Amino acid sequence: MVNSRIIKQRESLPIFHFRQEIIDAIKNENLLVIIGETGSGKTTQIPQYILESFEDCRLIGVTQPRRIAAITVANRVSEEHGTRLGSEVGYCIRFDDCTSAKTRLKYMTDGVLLREATLDPKLEHYDVIIIDEAHERTLETDVLFGLLKETHRLRPELKILVMSATLNVEKFSDFFNECPIFSIPGRTYEVAINHHRDAKIISLKSTYVQRAVDTTLYIHTHEPPGDILVFLTGQNEIEKSCRDLDNQARELNYRRDVQYYDEVRNLIVFPIYASLETMEQKAIFEDPPEGTRKVVFATNIAQTSVTIPGIKYVIDSGYVKQKSYDPSTGMDALLVVPISQAAATQRAGRAGRTAPGKAFRLYSRESFEQLEVDTVPEIQRSSLLGTVLSLKKMGIRDILHFEFIDPPDPMLVKNALKQLFLLEAIDEQGMLTPLGDEMCIFPLNPFLSRVLIASARQFGCSREVSTIVAMLSVEEIFITPRDEERLFEADERRKVFYHSSGDYMTLLQVFEGYRDSGYDRDWCRDRYLNHRALSMAKNVRDQLRELMERHGVSIISCRQKDNQDGDHRKKRSKQTYYETKKYDFTKILEAFSTSYFIHLAKRHPHRSVFYHYASANIHTSEMIDSNSSLLALHISPLSALHPENKIVKVDSLDWVIYHSILYTSKALMKVVSKVKLEWIEEKLKLFKKLETVDLGVDDNKKDKQEKEVDDESVDSIGKESNYIDEEEMKRKKLEAIEAARQRALNRRSLNPDN
DNA sequence: GAGCACTGC
């Protein structure tokens with residue numbers, strides 16, 4: 001039963017005063033936007049108001065961008081509602097469906113709802129859909145917006161609520177037929193913003209780390225007690241800042257240097273970023289000891305995902321490390337770029353959660369005003385491969401004209417269609433093929449779905465491939481420590497797992513070692529393996545195998561009948577963990593080649609760099625096809641095939657396939673394997689075919705013209721040798737990335753979407 | 001040869 005304490009608490013929330021108005025608004029409107037700042041209680045209360053006053057409402061779905069939020073909110077609400085979690089109020093995230101036939105209020109991640117929509121585009125089970133945290137503009141949220149607008153046409157009685165924290169929500173209202181906006185006051189404190197007097201943000205790029213440390217020290221010596229949160233961009237600079245600040249703070253003479261020395265006599269410094277091994281440690285989330293000031297150097301993780309209590313001062317570098325996909329090269333670039341005004345406001349807000357605070361921006365007010373108003377939404381800087389496949393599965397034919405709230409560059413859509421054609425998921429007219437339909441079974445990147453199906457149907461190795469595919473679906477497996485001694489040790493320990501064919505097999509060997517250890521955390525720690533990632537991989541593998549069984553995708557092993565099964569461990573060399581003739585690993589690599597022929601690369605004749613090999617000139621062994629084929633690709637230092645790891649001779653590397661490329665200061669191929677060209681030659685014909693099909697998009701003509709221009713310009717530079725000077729390419733690449741970014745930004749500012 | 005922001009099915 002609900003006790004009076006809970007009732008009191010609920011009634012003390014600012015939102016309670018608007019209860020009846022909110023209920024009336026929802027009664028009257030089927031499309032509604034609700035603004036409510038953090039702490040208003042909108043996420044927990046509004047769904048309950050609906051539950052309490054709409055008795056014939058069957059099911060309310062509330063989406064969250066993050067799993068942890070879905071769980072904690074559902075917990076809280078089921079308690080307030082006086083029912084057991086999973087009965088009337090539940091949650092659903094990947095690997096954990098905590099709902100039942102009784103459930104009327106379901107918190108879930110936006111990814112779960114999107115996946116449900118591929119099975120049931122009209123979302124018939126729901127009477128109310130609430131998209132929460134809409135301002136975060138995740139890829140999934142944006143796709144749901146487009147779908148829900150269509151659903152509203154088909155099922156106008158479905159109630160659709162969009163909840164957001166920012167004030168710039170006219171856009172949401174405009175998109176949903178200019179629906180009403182309901183605003184709820186928040187419960188945050190005043191944050192005084194201090195801009196740097198004159199520092200231009202652009203000139204800050206090389207100095208913000210040093211300035212951030214200096215500013216932290218300034219606050220420590222001149223401002224009253226209160227913890228400090230510093231926004232930087234990545235692991236390296238965060239670790240460096242922690243060291244620098246620690247050293248400088250040690251030099252302080254508190255009585256002489258520190259203005260509030262009666263209350264501030266010490267400093268404690270923490271790093272926080274997602275890949276931090278010790279993130280679960282509590283100290284960072286606890287109040288520091290009496291007289292000690294806590295400083296946290298953080299990535300963007302502290303902007304939305306993680307809340308550190310007690311922060312009174314925020315220092316904002318003005319920069320963020322952001323991923324963006326370039327369809328012309330198929331590469332993800334991970335670059336440090338200035339943040340948006342919206343992000344700066346959000347960062348500052350972190351100082352006012354529990355009391356009034358102060359924000360120090362390392363850039364001037366003028367610079368702030370020149371920042372983009374909003375962050376470019378994820379959908380405009382991601383590969384749309386999986387999204388386009390899902391939309392096709394839902395029966396949406398014309399994806400180029402799908403109603404996105406902020407449409408992605410048509411290049412992104414066309415690029416996805418081309419890749420889906422190469423994967424044989426769509427046909428020449430852009431229609432979903434039976435294979436494409438089957439690929440939608442798996443919650444995987446379409447490249448990997450295709451490989452998994454091929455491994456079952458053609459190559460008889462789906463047991464092993466399901467493991468490798470799971471390993472490829474999780475975060476980085478290998479831990480790289482910061483201090484040199486441990487770094488060396490980690491490098492050594494990793495070598496045990498390396499397989500001479502490359503990293504797909506290496507990943508299999510890592511997982512098997514993990515399995516044989518009994519999924520042991522200490523086993524991982526001793527080998528510098530990320531236990532969190534490996535246990536996630538186990539979950540994914542189990543889920544994939546369940547889906548395979550359910551959908552008649554057979555699970556077959558390519559393990560060879562080895563006579564003395566127990567013996568292979570004795571026979572293993574010092575260098576490798578398992579490498580024996582245990583598996584017919586060429587089958588596995590052939591299976592991967594069914595997708596990754598698209599990522600075929602050839603080595604430079606004399607060096608250990610590679611070039612993407614486009615099919616058009618495969619028979620002339622010319623490297624020139626388009627810009628993308630000329631960028632020098634480097635093997636990741638973590639790869640078994642990296643020359644320094646001495647698993648293979650560089651000369652023996654000829655053709656490789658890579659799983660992905662990340663561009664930071666240069667293009668790095670991650671997860672690389674040796675292949676034989678004969679496995680792939682047949683598939684390369686698809687590239688030729690690609691030039692003659694329109695995939696349901698009738699403007700291939702224009703594309704071809706653009707392509708010819710590219711060819712010419714490249715050809716004139718590269719006549720001498722088939723290779724372009726690497727520095728030159730690097731510069732061109734950076735220009736291209738910057739130009740693409742500018743295009744994305746311009747499109748947004750020219751097109752405010754009225 | 002020296003790396004990788006953050007999520008999610």
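Every chain is numbered from 1, with letters handed out A, B, ... down the list of sequences. All values reported here derive from a predicted model rather than from experimental measurement.
Within 4.0 Å (heavy atoms only), Glu140(A) reaches no atom of the nucleic acid at all. Residue Leu334(A) is classed as a base contact, given a heavy-atom separation below 4.0 Å to a base. Heavy atoms of Arg94(A) sit under 4.0 angstrom from at least one base atom. At a threshold of 4.0 angstrom between heavy atoms, the contacts of Thr480(A) include nucleobase atoms, whether or not backbone atoms are also involved. Within the nucleic acid shown, Asp332(A) has no heavy atom closer than 4.0 Å to any nucleic acid atom. When heavy atoms are screened at a 4.0 angstrom cut-off, Val320(A) is found touching no nucleic acid atom at all. Backbone-only contact: Ser608(A) has heavy atoms under 4.0 Å from sugar-phosphate atoms and none from a base. Using a 4.0 Å heavy-atom distance criterion, Glu378(A) is classed as making no nucleic acid contact. Counting any heavy atom pair closer than 4.0 Å across all strands shown, Leu638(A) reaches a base atom.
Remark: the backbone N or O of Tyr658(A) is paired with a side-chain donor or acceptor of His599(A) at under 3.5 angstrom.
Smallest separation of non-hydrogen atoms from Leu229(A) and Ala298(A): CD1-CB, 3.8 Å. The nearest pair of heavy atoms linking Leu507(A) to Leu472(A) is CD1-CD2, 3.6 Å.
When the nucleotides dG1(B), dC6(B), dC4(B) are ranked by their closest atom to the side chain of Asp491(A), dG1(B) comes out on top. Of the candidate nucleotides dG3(B), dT7(B), dA5(B), dG3(B) has the atom nearest to the side chain of Pro637(A). Comparing dG1(B), dG8(B), dC6(B) by their closest approach to the side chain of Thr299(A) singles out dC6(B). Minimum atom distance to the side chain of Leu487(A) is reached by dA2(B), of the listed dA2(B), dC6(B), dC9(B). Residue Thr664(A) places its side chain closer to dC4(B) than to any other of dC4(B), dA5(B), dA2(B).
Rounded to whole angstrom, the span from the CD atom of Glu239(A) across to the P atom of dC4(B) amounts to 15 Å. Between Glu237(A) atom CD and dG3(B) atom P the separation is 13 Å, expressed in whole Å. At whole-Å resolution of the value, CG in Leu668(A) and C1' in dG3(B) are 6 Å apart. The separation between Met108(A) atom CE and dT7(B) atom P is 21 Å, rounded to whole Å. Spacing between atom OH of Tyr273(A) and atom P of dC4(B) amounts to 14 Å, rounded to whole angstrom units. Rounded to whole Å, atom P of dC9(B) lies 8 Å from atom CZ of Phe95(A). For the pair Arg381(A) CZ and dT7(B) P, the interatomic distance rounds to 14 Å; values are reported in whole Å. Counting to the nearest Å, the P atom of dG3(B) and the CD atom of Glu484(A) are 13 Å from each other.
Mapping Gln235(A) and Pro65(A) onto DNA chain B by nearest heavy atom places Gln235(A) at the nucleotide closer to the 5' end. Between Leu662(A) and His642(A), the residue anchored nearer the 5' end of DNA chain B, judged by the nucleotide with its closest heavy atom, is His642(A).
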*Is there a salt bridge (Lys or Arg N to Asp or Glu O under 4.0 Å) between Asp406(A) and Arg137(A) once you walk through the steps?*
CA-CA 10 Å; Asp406(A) 281 310; Arg137(A) 303 294 306 276; 2.8 Å; yes
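Cation-pi geometry between Arg493(A) and Tyr528(A) is not met at under 6.0 angstrom from the ring centre and within 45 degrees of the axis.
For Arg603(A) and Asp654(A), the salt-bridge test fails: no basic side-chain N is under 4.0 Å from an acidic carboxylate O.
Between Thr304(A) and dC6(B) there is no side-chain N or O to OP1 or OP2 distance below 4.0 Å. For Arg67(A) and dC9(B), the shortest distance from a side-chain N or O to OP1 or OP2 is below 4.0 Å. Lys323(A) has no side-chain polar atom (N or O) that falls below the 4.0 Å cut-off from OP1 or OP2 of dT7(B).
One donor-acceptor pair, N or O on each side, does fall under 3.5 Å between the base of dC4(B) and the side chain of Glu476(A).
Here the two rings, on Phe145(A) and Phe404(A), have centers that are 6.0 Å apart or farther.
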